[in-house]
Amino acid sequence: MATSPSSDRGAWSGKLGFVLAAAGSAIGLGNIWRFPYMAAEGGGGIFVLVYLGCVLAIGIPVLFAELSIGRATERNPVGAFKKLVPGTWWSAVGGMGVLAGFAILAFYSVIAGWTVGYLWMAITGTFGPDVDAAASAEIFSGLIGSAGPAITLTVLFLGVTAVVVRGGVAGGIEKASKILMPVLLSVLVLLLIRAVTLPGAGAGLEYLLRPDMSELTPKVFITALGQALFSMSLGMGAMITYGSYFPKDASLPFAGTAVALADMGIALLAGLVIFPALFSAGMDPQGGPGLVFVVLPTVFANMPMGHLFGVLFFACLSIAALTSTISLLEVVVAYFVDEKGWSRPKAALIISLACFVLAVPSALSQGANAWLTDFGWLDVQNIIWGNYGLSIGALLICIFVGWKWGTDKMLQYVEMGGNPVPGRAMFAFVVRYVCPVAIGAVLAFLIITREYF
Ligand code: TRP
């Protein structure tokens with residue numbers, strides 16, 4: 001049953017509230033943990049180049065497509081499609097999004113748990129000046145490889161997420177983002193200065209900034225596309241949900257663009273910290289989910305007040321992760337509240353418990369359980385849902401807006417509240433043709449070449 005939006009759905013306090021909350025959703029482990037890890041798997045500079053192309057040509061159009069659907073319907077992803085095209089299978093696209101959000105939350109909260117573990121270790125002084133690459137790798141596998149801490153931290157993180165989501169969107173999410181995003185940015189800038197001045201840092205900059213065309217494979221495209229979508233929280237309806245809380249009289253084009261650029265900037269910044277530090281410490285850029293966690297302590301070990309920076313950094317990262325897990329859980333909760341008539345507290349509790357069950361194999365796949373570790377369960381989840389799920393979701397959203405709902409409608413809701421969109425015709429063309437063809441081509445190529453991972 002679809003209920004009409006009412007005041008207890010909540011709304012952002014205004015444009016700034018939206019920008020902070022949407023940037024809070026977008027900026028998270030995707031930028032700081034996933035971006036460097038995917039960049040290392042995708043060959044460095046060539047990955048960054050394709051990623052930037054994906055953000056501009058696909059990410060930003062899909063962002064506005066999702067926000068306009070949300071604004072037009074004031075619904076969760078399933079309800080939104082039901083309202084725009086009742087009685088069609090399009091609501092299944094929303095349903096897939098809700099499912100993807102749930103699955104992403106299940107592995108994301110495991111990594112988020114690690115950041116809390118790292119915060120704790122930073123506070124207690126684990127990352128002293130004698131931490132080199134090997135010692136850091138040992139600390140990392142010690143934390144994530146034992147079932148107890150890995151599962152406890154996941155529970156803790158999901159629990160806090162559930163408590164915030166239970167309280168509704170406006171209060172907690174906005175307030176936390178307002179303070180912590182600027183702090184995170186400042187800490188990253190200071191770490192950047194330290195990282196690029198480490199001996200041997202130049203090789204890292206070169207790795208990240210000089211594309212090696214011979215590394216361009218179909219895999220780079222899916223990895224970069226998936227990363228752009230994951231980082232901007234696209235392809236599963238989170239931005240439909242967030243757009244649904246956007247005030248009708250506020251102007252969207254600038255707000256949306258600001259979110260996209262902030263997200264991209266933080267990812268690049270993280271890369272510029274990690275790779276110079278990694279090369280300086282004499283490590284190999286081989287990727288894997290541990291990349292950031294192993295590299296960063298070697299930076300803290302090498303800087304004045306490293307202890308303080310370690311604490312600040314992991315505190316900010318934990319909160320950045322929290323504002324993202326909130327948005328993932330919020331989509332699923334909004335669906336059960338709007339469509340199934342559940343109360344917010346009931347939805348938050350039941351869904352986070354179910355999510356925990358799915359998170360356990362991810363938590364155990366980093367050494368605690370041999371079979372799950374060999375299988376690379378967490379990696380596989382990340383790639384299936386993050387790269388493939390979101391790409392397919394974004395493809396369907398573009399087809400919907402471009403060919404079913406209409407780009408005129410999209411532009412009407414993007415422009416509602418002021419600020420015309422520059423280059424309307426080109427924007428429409430990109431959503432109708434460029435995005436679907438580009439995403440479709442990447443998926444088709446992978447099927448042909450069978451180079452899925
Ligand atoms: N974008 C977040 C990050 O970069 C993760 C995230 C939050 C997300 N909500 C999402 C990813 C929805 C995909 C879809 O950390």
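Reckoned from all heavy atoms, side chains included, excluding hydrogens, waters and symmetry mates. Whatever order the structure lists ligands and atoms in, that order sets their numbers, starting from 1. This is a predicted model, so every value here is computed, not measured. We count residues from 1, following the sequence as given.
- For Ala315, the side-chain contact (heavy atoms from CB on, under 4.5 Å) partners are Leu119, not counting sequence neighbours.
- Taking the charged nitrogens against the carboxylate oxygens, Glu41 and Arg34 have no contact shorter than 4.0 Å, which rules out a salt bridge.
- Residues satisfying the salt bridge (charged side-chain N to carboxylate O under 4.0 Å, His left out) test with Glu215, not counting sequence neighbours, are none.
- Under a cutoff of 6.0 Å and an axis angle of 45°, Lys346 and Trp342 form a cation-pi pair.
- A salt bridge is absent between Lys83 and Glu74; no separation between the charged side-chain nitrogens and carboxylate oxygens falls under 4.0 Å.
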When you pair each N or O of ligand 1 with protein N or O atoms, which pairs come out under 3.5 Å?
from	atom 1	to	atom 2	distance (Å)
ligand 1	1 (N)	Ser25	O	3.3
ligand 1	1 (N)	Ala26	O	3.1
ligand 1	1 (N)	Phe230	O	2.8
ligand 1	1 (N)	Ser231	O	3.1
ligand 1	1 (N)	Ser233	OG	2.9
ligand 1	4 (O)	Ala26	O	2.7
ligand 1	4 (O)	Gly30	N	3.3
ligand 1	4 (O)	Asn31	OD1	3.3
ligand 1	9 (N)	Ser233	OG	3.3
ligand 1	9 (N)	Ser327	OG	3.0
ligand 1	15 (O)	Leu29	N	3.2
ligand 1	15 (O)	Gly30	N	2.7
ligand 1	15 (O)	Tyr108	OH	2.4

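- In terms of the side-chain contact (heavy atoms from CB on, under 4.5 Å) criterion, residue partners of Ala147 (sequence neighbours excluded) are, by chain and number, Leu364, Ala368.
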